[in-house]
A.B. asks: 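The structure's right below; bear with me while I get my questions together.
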Amino acid sequence: MTIRILTSLLLYIHAIFAWTQPNYAPDIQKEHLGRGIITLTDGDSLVISWRLLENEEKASFNVYQNGKRLNENNITSSTFFKTIAPKEPAEFLLTVINDNRETSYPFNYTPEKKPYITLPLSKPADNTTPDGRRYSYIANDASVGDVDGDGEYEIILKWEPSNAHDNSHEGFTGNVLLDCYKIHSPLNTKPSTLNAKPLWRIDLGKNIRAGAHYTQFLVYDFDGDGRSELITKTADGTIDGTGLVIGDPDANWVMTGTINKTIQGKGAGQQAQVVGRILEGPEYLTIFDGQTGKALKTVTYEPPRGDVGSWGDTYGNRCDRFLATVAYLDGKHPSAVMCRGYYTKTYLAAYDWNGTDLTLRWLFNSENHSGYSGQGNHNLRAGDVDGDGCDEITYGSMAVNNDGTGLYTTHMGHGDAIHQYAFYPDSTQLQIWDVHENRKDGSDFRDAKTGRIIFQIPSHDDVGRGMAADIDPTNYGLEMWSSSQRGYFDVKGNQHYPNVFIPQNSAVWWDGDLLRELLDRNAILKWNWNTQRVETLKDFRAEGCSFNNGSKQNPCLSADILGDWREEVIVRNNESTELRIYSTTIPTPHRFPCLMFDIPYRLSVATENVGYNQPPEPGFYLGSQLPKK
């Protein structure tokens, strides 16, 4: 039995179903995506893959090469086609037959021997800190958005200096930069524009410190004009994509020396190094035009820093823990939710952008809600958990309603990873798998609407990792596991294979079946329930590439941004001179609309760069027991 395409274990050949939860408004603001055609070389074969759009349940496809149809019958079971790779440049045509209309998509193919798309980067020059230490730049987290309105995604990349620091560490850091790049596409008719030069570069300046918890950036079409904007925290000296400076260009709020160190009221009289920290000065929130990088509007950043010591320490470790997400708080329009703090008090500020004004919708302060302080994770999720057609924010062990009031708290405290899915094949309700750091509560599986604990796995350890996905078709629903236990748990709380280690870093839909694979460092792995082993797929080879963020080892981004419903993995090469976009070359008997049409999935892609990166997750069950519509 092959573990690649397990058609004998699947309940159907393919299924088309509603991609958004049924309670969202029919006229909810969404992206208008194009066909997303991708071509890859797999040995002597050429792989052609494309998006299935919404409302194309009955669509069929044909592929032509130099005017000759390659497929014998109309393609109806997938949006994937494999043929012999031409040895010379060739003209191709994809035709779509839907609602008795035929639409053509011409594209070109130039022979290449690479199973990925190469995106050259304009790597920033090395520089030197005020204390004379040299640093270089590393291509770090990324996001995507259609910044020019052509229906295809561009990549927004964060450049992180090699001297970036965690909040708990002192030291100078280099400036954080944000670039925007067009993706090489066979649909692009102007290949000369696809070079290492970004569409724009934003320099956040010396008054924004570099590190995983400081710059959380959101890329989304907030005003519904068909083009994505970028929103992020800025400061005096930030330079937008057109060269204009925000705030005072001469201000320097970077600290040196020591201060009296206290941590939650303890340690008075001790000294703490604050070299490189920024604990004073104005803080801004800026929304930038996605096509030009121009600053469109800058306002005072909420939530405010205020008294640094009121967050639990005096040296900025807790006050500068930032998160962010996009959420449809009114059920129709996306809002940006900027967040601060999770070890002690927590603030969430929701902003709306109408193309002219950036306005505060509401401000949530955990100190006004009993039991909500100290509950935040290093990540968060947005989605309609209570069925009212509006998104709530699951913020670690607590949740905030779409109107900015508290929804629930479990009182289990801070954690490093959280997952929000529909874990049950026969239900659209969302559940949460959350791991905790407090050496008491371990991990919990709970109802996302009420916080009711379905089951809990105690632990005496800091549970630093957790993952949830459908990896085994012999169980009902998704499986979940963490760094404190071996094997995995099913949705009833039963532990399976307690002597087997299963990686917890990330996950990706990659091969031809509906089970999810495991993305761990530079390998894609698959759980084989027959041999009770994790096996490496040979179809993914990220040779010469590096993954990001220390032990997290996550890609720059993983998401369904091109081709069929399966996900791409975007990584940097070792030198950070290029990004490589890997997409599967494995055939599949299934076809679904692009996952980005599902609102919770799209929101989790927008939030993937935030804090400790987590894989994107849809608001419905997608797995081996998916019911046929």
Side-chain angles (χ1 to χ4, degrees), residues 5 7 10 12-20 26-27 30-40 42 45-86 89-109 146 149-153 183 185-189 226 509 512-514 560-568 583-598 601-602 618 620 622 626-629:
I5 304 176
T7 53
L10 299 176
Y12 54 91
I13 298 301
H14 67 87
I16 300 293
F17 52 95
W19 287 89
T20 56
D27 58 344
K30 300 176 73 173
E31 293 171 312
H32 298 284
L33 295 179
R35 195 53 66 180
I37 296 174
I38 186 173
T39 59
L40 297 169
D42 181 22
S45 298
L46 170 64
V47 168
I48 303 169
S49 182
W50 59 92
R51 288 190 192 110
L52 185 69
L53 306 181
E54 291 187 296
N55 303 314
E56 287 190 338
E57 293 189 12
K58 298 180 180 179
S60 61
F61 303 89
N62 293 294
V63 178
Y64 296 83
Q65 177 183 337
N66 296 330
K68 179 182 178 181
R69 191 167 93 160
L70 300 180
N71 51 294
E72 183 176 351
N73 300 308
N74 286 8
I75 302 169
T76 59
S77 63
S78 70
T79 55
F80 179 100
F81 186 75
K82 206 165 190 174
T83 186
I84 299 173
E91 295 180 353
F92 281 83
L93 183 72
L94 174 73
T95 65
V96 184
I97 304 169
N98 190 43
D99 291 335
N100 296 318
R101 291 188 304 175
E102 186 170 15
T103 307
S104 298
Y105 297 86
F107 60 97
N108 298 316
Y109 171 73
D146 178 10
D150 66 353
E152 302 300 334
Y153 287 123
I183 298 175
S185 168
L187 289 170
N188 195 296
T189 58
W509 278 289
D513 62 30
L514 298 183
D560 178 17
I561 65 168
L562 291 166
D564 67 20
W565 59 275
R566 292 169 295 176
E567 296 168 301
E568 282 63 52
S583 190
T584 183
T585 58
I586 304 172
T588 178
H590 309 290
R591 75 176 200 178
F592 304 110
C594 175
L595 295 182
M596 293 293 240
F597 290 125
D598 176 68
Y601 183 92
R602 182 65 184 91
F620 58 91
L622 178 55
L626 186 68
K628 185 177 180 180
K629 185 177 178 182

A.B. asks: How long is the span from the CH2 atom in Trp509 to the CG atom in Asp560, to the nearest 0.5 Å?
C.D. replies: 10.0 Å
A.B. asks: Ignoring hydrogens and angles, tell me if any N or O in the side chain of Arg51 forms a donor-acceptor pair with the backbone of Leu53 under 3.5 Å.
C.D. replies: no
A.B. asks: To the nearest 0.5 Å, tell me how far Ile75 CD1 sits from Asn62 CG.
C.D. replies: 6.5 Å
A.B. asks: Compare every heavy atom of Gly512 with every heavy atom of Pro589, then report the nearest pair and how far apart it is.
C.D. replies: CD-O, 3.5 Å
A.B. asks: Are the side chains of Glu152 and Ile37 in touch, meaning some heavy atoms are under 4.5 Å apart?
C.D. replies: no
A.B. asks: Hey, could you give me the CD/OG1 distance between Glu567 and Thr584, rounded to the nearest 0.5 Å?
C.D. replies: 11.0 Å
A.B. asks: Flag yes if more than 12 heavy atoms outside Asn66 fall under 6.0 Å of its CG atom; otherwise flag no.
C.D. replies: yes
A.B. asks: Using the benzene-type ring in the case of Trp, are the ring centres of Tyr105 and Trp50 under 6.0 Å apart?
C.D. replies: no
A.B. asks: What's the spacing between Leu70 CG and Lys82 NZ if we round to 0.5 Å?
C.D. replies: 15.0 Å
A.B. asks: With rounding to the nearest 0.5 angstrom, report the CG to CG distance, Leu595 to Asp564.
C.D. replies: 9.0 Å
A.B. asks: So, applying side-chain contact (heavy atoms from CB on, under 4.5 Å) with Phe592, which one of Leu52, Leu514, Thr79, Asp598 is it?
C.D. replies: Leu514
A.B. asks: Let's go through Tyr109 and Gln65 carefully: what are the C-alpha distance in whole Å and the side-chain angles of both, what is the deciding distance for side chain to side chain donor-acceptor pair (under 3.5 Å) to 0.1 Å, and is it a yes or a no?
C.D. replies: CA-CA 10 Å; Tyr109 171 73; Gln65 177 183 337; over 6 Å; no
A.B. asks: Compare all side-chain heavy atoms of Phe92 with those of Leu46 and state whether any distance is below 4.5 angstrom.
C.D. replies: yes
A.B. asks: Hey, are the side chains of Leu562 and Tyr153 touching, using non-hydrogen atoms and a 4.5 Å cut-off?
C.D. replies: no
A.B. asks: Charged N to carboxylate O under 4.0 angstrom, Glu56 versus Arg35?
C.D. replies: yes
A.B. asks: For Ser104 and Leu93, work out which heavy atoms get closest and say how close.
C.D. replies: CB-CD1, 3.7 Å
A.B. asks: Looking only at heavy atoms, which two atoms of Ser583 and Leu40 are closest? And how far apart?
C.D. replies: O-CD1, 3.3 Å
A.B. asks: Considering only heavy atoms from C-beta outward, does the side chain of Met596 approach that of Ile561 to under 4.5 Å?
C.D. replies: yes
A.B. asks: I'd like to check Phe107 versus Ile48 (side-chain heavy atoms, cut-off strictly below 4.5 Å). Are they in contact?
C.D. replies: yes
A.B. asks: If I compare all heavy atoms of Phe61 with all of Arg591, which pair ends up nearest, and what's the gap?
C.D. replies: CE1-NH1, 3.5 Å
A.B. asks: How close do Pro593 and Phe597 get, counting heavy atoms only, and between which atoms?
C.D. replies: CB-CD1, 4.2 Å
A.B. asks: If you round to the nearest 0.5 Å, how far is CZ of Arg602 from CD of Glu31?
C.D. replies: 4.0 Å
A.B. asks: Quick check: closest heavy atoms across Ser45 and Ala85, and the distance to 0.1 Å?
C.D. replies: C-CB, 3.8 Å
A.B. asks: With under 30° as parallel and over 60° as perpendicular, where do the rings of Trp565 and His590 fit, or are they tilted in between?
C.D. replies: perpendicular
A.B. asks: Excluding sequence neighbours, so at least two apart, what forms side-chain contact (heavy atoms from CB on, under 4.5 Å) with Glu102?
C.D. replies: Thr95, Ile97
A.B. asks: Ring of Phe80, cation from Arg566 - is the NZ or CZ under 6.0 Å from the centre and inside 45° of the axis?
C.D. replies: yes
